[in-house]
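Notes to accompany the following structure.
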Amino acid sequence: MTLPEDTKTARLDDQRDLVSARRVLQIEADAILQMQQALDGEFIKALDIIANATGRVIISGMGKSGHIGKKIAATFASTGTPSQFVHPGEASHGDLGMITREDVVLCLSNSGGTKELGDIIAYTRRFNIPLIAIVGKADSTLGRRSDVALLLPDAPEACSIGLAPTTSTTLTLAMGDALAIALLERKGFSPDEFHVFHPGGKLGSSLIKVGDLMHRGDEMPLIDQDTLMDQALLQMSAKGFGCVGILDPQGALAGIITDGDLRRHMGAGLLTKKAREVMTTQPQTTKPGALAAEALAQMNQTGFNGITCLFVLEGAVPVGVLSVHDCLRNGVM
């Protein structure tokens, strides 16, 4: 079967597009590997300066470097390092006042000769504010006047005409990520701290703890093990969880009664039985510090169909109860 000419042309165009895209990715990947191998003590100096600062990391850059700078500032801030982007043009018209002696300034410029950065550079030198540069040329104005210069490799832009910032901006972004994550790991920044800065969206919901959602105190459906089943049913209905926890004389969770247990013991004498005669021993439980997503997965496990809530224990003592509906309402998946 012979393909129409326009179909052949379209397929050739598709192949050329893929070749172009792969070339771009290869050029940028090679440049990042080159930068990785060149990292040295200057990176550690930059990290030390940022770690020892009592203020914020002020990031500035013009044009495409400015766009990258905003993302780097956001990454620092979200990983526990206070950070702010200051536009170099606005800095020359009053925003230099946003920069204090306790701050560290991180300037981004591939050429190192971006004239709009001149006032920020001069300001840091005048007031002895540490200046770190991510720059492509060590002998540039920015490279010479900074306290630490993190050099980008002399790699070609991925743009076929060699003019559009592509490789250079990718390298700058990667260097910013390297600084932020190395600092995060040096400080031992924890998932709990990360959640403080990411309470919303899917990422935030994935970090919610059982203790953040569980019902406490009088909201828990609890009875002692010698309570008669007529009272157990009243407690189940009053608290609305479809279950009731059974306590032993020491206050530990001895078992649980669910709708399934009621069906299994259904008969004329059910209401005169004691809770310990009907309960399921060794029920599934969780802890306050567990991730809510883990607790939800536990409720949904094959072999535990029908579980819609878990008692939350500290040691053997119930301190809360978590419902599947609590998880779903809060976006836990």
Side-chain angles (χ1 to χ4, degrees), residues 42-43 45-152 163-166 168-184 187 189 193-194 196-200:
E42 293 300 293
F43 183 88
K45 289 180 185 177
L47 208 60
D48 289 341
I49 290 172
I50 297 172
N52 293 328
T54 57
R56 300 157 300 164
V57 179
I58 303 296
I59 300 177
S60 191
M62 194 68 190
K64 302 298 186 295
S65 292
H67 295 307
I68 297 298
K70 291 175 184 178
K71 191 276 177 185
I72 295 174
T75 299
F76 271 116
S78 72
T79 53
T81 301
S83 184
Q84 179 179 341
F85 178 81
V86 174
H87 191 283
E90 299 296 337
S92 300
H93 295 275
D95 282 2
L96 283 173
M98 295 181 176
I99 306 173
T100 73
R101 294 173 186 261
E102 288 73 37
D103 296 332
V104 176
V105 174
L106 175 62
C107 280
L108 317 177
S109 173
N110 185 38
S111 70
T114 305
K115 63 181 181 180
E116 290 88 352
L117 290 173
D119 288 336
I120 289 182
I121 295 172
Y123 187 81
T124 64
R125 303 305 78 188
R126 178 182 177 187
F127 293 104
N128 296 315
I129 297 169
L131 175 61
I132 300 169
I134 298 180
V135 63
K137 295 178 173 59
D139 61 351
S140 62
T141 300
L142 178 59
R144 290 195 309 270
R145 301 194 67 185
S146 61
D147 297 298
V148 178
L150 301 177
L151 293 178
L152 305 177
L163 297 176
T166 45
S168 59
T169 49
T170 298
L171 289 170
T172 302
L173 179 60
M175 183 68 82
D177 285 344
L179 283 170
I181 301 308
L183 190 62
L184 173 154
K187 294 189 301 185
F189 192 71
E193 293 171 298
F194 194 79
V196 170
F197 301 118
H198 299 78

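As a basis for the values below, the full set of heavy atoms in this structure was taken, side chains included, without hydrogen atoms, waters or symmetry mates. A quick note: this is a predicted structure, and the numbers were derived from the prediction, not measured.
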State, to 0.1 Å, how close Asp147 and Ile129 come at their nearest heavy-atom pair, and which atoms those are.
OD2-O, 4.0 Å
For Val104 and Ala53, work out which heavy atoms get closest and say how close.
CG2-CB, 3.4 Å
If you take all heavy atoms of Lys187 and Thr79, which pair is closest and at what distance?
NZ-O, 4.1 Å
CA sep, side-chain torsions, deciding dist, call: Leu142, Thr114, side-chain contact (heavy atoms from CB on, under 4.5 Å)
CA-CA 8 Å; Leu142 178 59; Thr114 305; over 6 Å; no
Hey, does Ile59 have a side-chain heavy atom less than 4.5 Å from the side chain of Phe76?
yes
Whether Tyr123 side chain and Ala91 backbone form a donor-acceptor pair below 3.5 Å:
no
To the nearest 0.5 angstrom, please state how far the CG atom of Asp177 sits from the CD1 atom of Ile72.
7.0 Å
Which heavy atom of Thr169 sits nearest a heavy atom of Thr166, and at what distance?
OG1-O, 2.9 Å
Interatomic distance, OG1@Thr75 vs CG@Leu173, rounded to 0.5 Å, equals 7.0 Å
What's the verdict on side-chain contact (heavy atoms from CB on, under 4.5 Å) for Ile120 and Cys107, showing C-alpha distance, side-chain angles and the deciding distance?
CA-CA 9 Å; Ile120 289 182; Cys107 280; 4.0 Å; yes
Tell me if a side-chain donor or acceptor on Ser111 pairs with a main-chain N or O of Gly113 at a distance below 3.5 Å.
yes
Counting N and O atoms only, with roles assigned by atom type, does the side chain of Arg125 sit under 3.5 Å from a partner on the main chain of Arg145, one being a donor and the other an acceptor?
yes
Looking only at non-hydrogen atoms, find the nearest pair between Val135 and Ser140 and report the distance.
CG2-OG, 3.6 Å
OG1 of Thr124 to CZ of Arg101: how many Å apart, nearest 0.5 Å?
12.0 Å
From Leu117 CG over to Ser92 OG, what is the distance, rounded to the nearest 0.5 angstrom?
9.0 Å
Output yes when a side-chain donor or acceptor of Ser83 lies under 3.5 Å from a complementary backbone atom of Ala77, and no otherwise.
no
To the nearest 0.5 Å, how far apart are CD1 in Ile134 and OG in Ser146?
11.0 Å
How far does CD of Glu42 sit from CG of Leu151, to the nearest 0.5 angstrom?
8.0 Å
Exactly one candidate in Val105, Leu106, Val148, Ile49 meets side chain to side chain contact (heavy atoms under 4.5 Å, CB included) with Leu131; the answer is Val105
Smallest separation among heavy atoms of Leu179 and Phe43, with atom names
CD2-CE1, 3.6 Å
For Ile132 and Leu150, run side-chain contact (heavy atoms from CB on, under 4.5 Å): C-alpha distance rounded to whole Å, both residues' side-chain angles, the deciding distance at 0.1 Å, then the answer.
CA-CA 8 Å; Ile132 300 169; Leu150 301 177; 4.3 Å; yes
Tell me whether the count of non-hydrogen atoms from other residues, nucleotides or ligands lying under 6.0 Å of NZ in Lys71 goes above 12.
yes
Is there a donor-acceptor contact under 3.5 Å from the side chain of Asp103 to the main chain of Arg56?
yes
